[in-house]
Q: 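Sharing a structure here in structure tokens format.
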Amino acid sequence: MGSLGRGTMMPNDAFSELEWRGLVYEATEGLRDVLAREAVTLYIGFDPTAASLHVGSLLPMMALARMQRFGHSPIAIAGGGTGMIGDPSGKTAERQLLSVDQVDANLAGIRAQLAKVLDFDASPNPARIVNNGDWLRPLRYLDFLRDIGKHFTVNYMLAKESVKRRLDQEDGVSYTEFSYLMLQAYDFLTLFDRYGCTLQMGGSDQWGNITAGCDLVRKLRGARAHGLVMPLVTTSSGVKFGKTEAGAVWLDASLTSPFRFYQFWVNTDDRDAAAYLKYFTFLGRGEIRALEDEIARAPEAREAQRVLAREVTRTIHGGDAALRAERASALLFGERIAELDAGEIVAVFDDVPSTSMPAAAFAGAGAAVADVLVATKLASSKGEAARLVRGGGVYVNNRRVADERARLTLDSAVSGRLFVLRRGARQYHLVLADPAPGA
RNA sequence: GGGGAGGUUGCAGAGCGGUCAAAUGCAACAGACUGUAAAUCUGUCGGCCCAGCGCCUUCGGAGGUUCGAAUCCUCCCCUCCCCA
């Protein structure tokens with residue numbers, strides 16, 4: 001294994017880099033020295049519980065990419081084997097089992113997303129994505145019990161936090177999930193054998209699983225393996241990270257549009273912005289410190305949030321999409337929306353939540369605002385729409401709608417064909433009155 | 001197999017024949033204040049309309065008793081606890 005990394009990116013910076021970014025929650029003894037001495041191969045596992053990863057997975061994804069930039073070789077495990085069992089870590093209830101087809105389908109989507117931050121052509125340390133289903137699915141039960149199970153005492157497994165917590169609960173933990181620990185340890189062993197992988201990273205809830213793998217490698221191969229876990233990403237306001245009104249924030253553009261993705265980051269709490277810049281971007285110390293100063297000096301400018309949003313969106317959706325999201329945001333949240341002409345708005349039409357409706361609907365008496373709100377899903381029912389209007393939470397072309405029975409007509413549209421609907425402070429939706437309906 | 005407790009509007013959790021679309025808390029949404037931030041305060045929080053002390057659909061499911069049922073009865077389904 002490992003020749004040394006290139007001179008420009010000294011591997012020995014990796015640990016202090018992670019430390020500075022606040023990514024070291026816990027690490028095995030001696031890891032700092034190992035990383036200072038040699039280029040290692042490391043891995044992180046990703047669960048195929050859905051067809052797309054969400055922003056919560058961004059932290060470990062970025063961690064792999066960072067390590068690669070420091071000359072280490074990253075491996076992402078897509079858990080096509082372990083995903084079939086379900087990790088009890090951090091869970092309070094037994095998980096729903098996924099079918100093989102589901103797991104495989106989900107893997108395809110996840111691989112594509114991991115590929116966005118990893119470099120598979122880097123030399124001498126290309127990234128790899130492997131599927132642990134390749135070695136876990138063919139496992140034979142008796143062989144596994146004899147070769148691997150023999151090295152785990154039940155006492156040891158019962159002492160693990162993830163199991164202990166579940167034991168105290170009424171539901172308990174199934175034998176299936178109880179066994180998860182051994183499978184993950186076996187993954188580590190397999191990667192050690194195949195790729196000389198000596199470091200596993202993960203979220204803080206993975207500590208027990210990771211140390212179990214380290215122990216297994218030591219017992220069976222007499223080698224020293226390491227673990228490092230990163231903190232749970234929190235929000236200062238106490239909300240679960242990665243959630244918005246619309247639900248989880250996904251990395252897949254068809255589930256969460258780049259515009260919404262960008263908006264998610266722009267809305268970051270002041271108190272979290274600096275930490276997120278360290279967690280989720282490749283920006284260096286100097287740049288981040290400068291942005292921290294900006295937060296203190298001119299918080300209303302939201303410069304840190306803008307940079308954060310731009311960087312993360314670019315990483316995941318590419319430069320073009322990031323630019324468009326940024327432009328659309330500047331347009332909608334800018335000073336002078338009222339004066340915009342339809343051309344400018346149409347330019348961002350595809351990047352912002354939007355709907356086309358036949359122009360005929362707005363002819364004559366026009367369309368009821370409540371109906372349009374429901375049609376655009378800004379309100380879930382007419383009743384809710386009426387309530388929103390009554391509460392002063394609805395704007396058309398940036399002017400508050402005063403009457404819940406108001407109607408939209410073409411002569412009030414921007415350039416006679418566009419309505420900019422807004423719910424509350426920041427939910428925008430464009431409506432285009434399409435003169436050529438049907439098709 | 002025996003005994004017991006229970007399934008209520010996103011969650012938690014009241015209600016136990018009419019005054020129940022159903023207390024309260026949390027979450028959520030909107031308003032005020034702001035900076036697309038936080039905190040705080042206020043309001044809303046099943047659906048429909050001709051907006052009324054109006055109509056419809058909800059309290060695990062199906063029937064029944066009653067002028068009237070989330071509340072009582074019967075059967076069924078599901079969950080948990082205790083004893084075997």
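Values reported hereafter were calculated over all heavy atoms of this structure, with side chains retained and with hydrogens, waters and symmetry mates removed. Each chain gets a letter, A, B and so on, in the order its sequence line appears, and its residues count up from 1.
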Q: How many Å lie between CD on A:Glu384 and P on B:rG31, as a whole number?
A: 13 Å
Q: Given the P atoms of B:rA32 and B:rC80, what is the spacing between them in whole Å?
A: 48 Å
Q: Which is more 5' along RNA chain B, the nucleotide nearest A:Asp371 or the one nearest A:Gly424? Just name the residue.
A: A:Gly424
Q: Please measure how far the P atom in B:rA70 lies from the corresponding atom in B:rG64, and state the result in whole Å.
A: 15 Å
Q: Any non-hydrogen side-chain atom of A:Asp403 less than 4.5 Å from a side-chain atom of A:Val389?
A: no
Q: Quick one: A:Arg422 CZ to B:rC29 C1', roughly how many Å, whole number?
A: 15 Å
Q: Answer with base, sugar-phosphate or nothing: what part of the nucleic acid does A:Gln305 contact at a heavy-atom distance below 4.0 Å?
A: base
Q: Think A:Lys382 has a side-chain N or O under 4.0 angstrom from the OP1 or OP2 of B:rG47?
A: no
Q: For a quick test of reading the model: is some side-chain N or O of A:Arg426 closer than 4.0 Å to OP1 or OP2 of B:rA37?
A: yes
Q: Grab the OH-P distance between A:Tyr262 and B:rU36 for me, whole Å please.
A: 13 Å
Q: Is there a side-chain contact between A:Gln113 and A:Phe46, using heavy atoms and a 4.5 Å cut-off?
A: no
Q: Does B:rC16 pair with anything, Watson-Crick or G-U wobble, both distances under 3.5 Å, and if so, with which nucleotide?
A: none
Q: Compare side-chain N and O positions of A:Ser236 against OP1 and OP2 of B:rA38 and report whether any pair is under 4.0 Å apart.
A: no
Q: At what distance, to the nearest 0.5 angstrom, does CE of A:Met67 lie from CG of A:Leu228?
A: 7.5 Å
Q: Mind calculating the distance between CZ (A:Arg423) and C1' (B:rA28) to the nearest angstrom?
A: 10 Å
Q: What is the separation between atom CG on A:Leu308 and atom C1' on B:rA37, rounded to the nearest whole Å?
A: 13 Å
Q: Between B:rA38, B:rA37, B:rA30, which one does the side chain of A:Asn267 approach most closely?
A: B:rA37
Q: Which is true for A:Asp269 with a 4.0 Å heavy-atom rule: it touches a base, it touches only sugar-phosphate, or it touches nothing?
A: sugar-phosphate
Q: What does B:rC50 pair with, Watson-Crick or G-U, if both distances are under 3.5 Å?
A: none
Q: Let me know, please, whether A:Arg405 or A:Gly393 comes out on the 5' side of the other along RNA chain B by nearest nucleotide.
A: A:Gly393
Q: The side chain of A:Glu404 is closest to which nucleotide in this list: B:rA51, B:rA30, B:rU36?
A: B:rA51
Q: Could you tell me the separation between the CG atom of A:Asp270 and the P atom of B:rA39, rounded to a whole number of Å?
A: 12 Å
Q: Among B:rA37, B:rG47, B:rU36, which nucleotide sits nearest the side chain of A:Ser381?
A: B:rG47
Q: Whom does B:rC11 pair with, Watson-Crick or G-U wobble, provided both distances fall under 3.5 Å?
A: B:rG25
Q: Please report whether the ring centroid of A:Phe241 lies less than 6.0 Å from that of A:Tyr276.
A: yes
Q: Has A:Arg387 got a side-chain N or O lying under 4.0 Å from the OP1 or OP2 atom of B:rG47?
A: yes
Q: Taking any strand in view, what nucleotide pairs with B:rU79 in a Watson-Crick or G-U wobble way, both distances under 3.5 Å?
A: B:rA5
Q: Which heavy-atom pair separates A:Phe280 from A:Leu59 by the least distance, and what is that distance?
A: CE2-N, 3.8 Å
Q: Taking the same atom, C1', in B:rC48 and in B:rU58, what whole-Å distance lies between them?
A: 15 Å
Q: Over all heavy atoms of both residues, which pair between A:Arg21 and A:Lys278 is shortest? Give the atoms and the distance, please.
A: NH1-O, 2.9 Å
Q: What is the pairing partner of B:rU57, taking Watson-Crick or G-U wobble pairs with both distances under 3.5 Å in any strand?
A: none
Q: With the side chain of A:Arg302 defined as its heavy atoms from C-beta on, choose the nearest nucleotide among B:rA38, B:rU44, B:rG35.
A: B:rG35
Q: Just how far, in rounded Å, is C1' of B:rA30 from CZ of A:Arg390?
A: 12 Å
Q: Roughly how far apart, to the nearest Å, are B:rU8 and B:rG13 at atom C1'?
A: 9 Å
Q: Would A:Arg422 pass as a cation-pi partner of A:Tyr395, given that its NZ or CZ must be under 6.0 Å from the six-membered ring centre and within 45 degrees of the axis?
A: yes
Q: Once you apply the 3.5 Å cut-off to both distances, tell me the Watson-Crick or G-U wobble partner of B:rA30, or none.
A: B:rU42
Q: Give a yes/no on whether any side-chain N or O of A:Tyr395 is located under 4.0 angstrom from OP1 or OP2 of B:rG31.
A: yes
Q: Within this structure, what is the CG-to-P distance between A:Leu378 and B:rC29, rounded to whole angstrom?
A: 14 Å
Q: Using modelled atom types and a 3.5 Å cut-off, is there a donor and acceptor pairing between side-chain atoms of A:Arg324 and backbone atoms of A:Asp351?
A: no
Q: Could you measure between the two C1' atoms, the one in B:rG54 and the one in B:rG35, and give it in whole Å?
A: 45 Å
Q: Taking atom C1' in both B:rG17 and B:rA12, what distance in whole Å separates the two?
A: 27 Å
Q: Mind checking the P distance from B:rU74 to B:rU79? Whole angstroms is fine.
A: 22 Å
Q: Heavy atoms only, 4.0 Å cut-off, all strands: where does A:Arg400 land among base, sugar-phosphate and nothing?
A: sugar-phosphate
Q: Considering only atom P, compute the distance from B:rG47 to B:rA22 and round it to an integer number of Å.
A: 13 Å
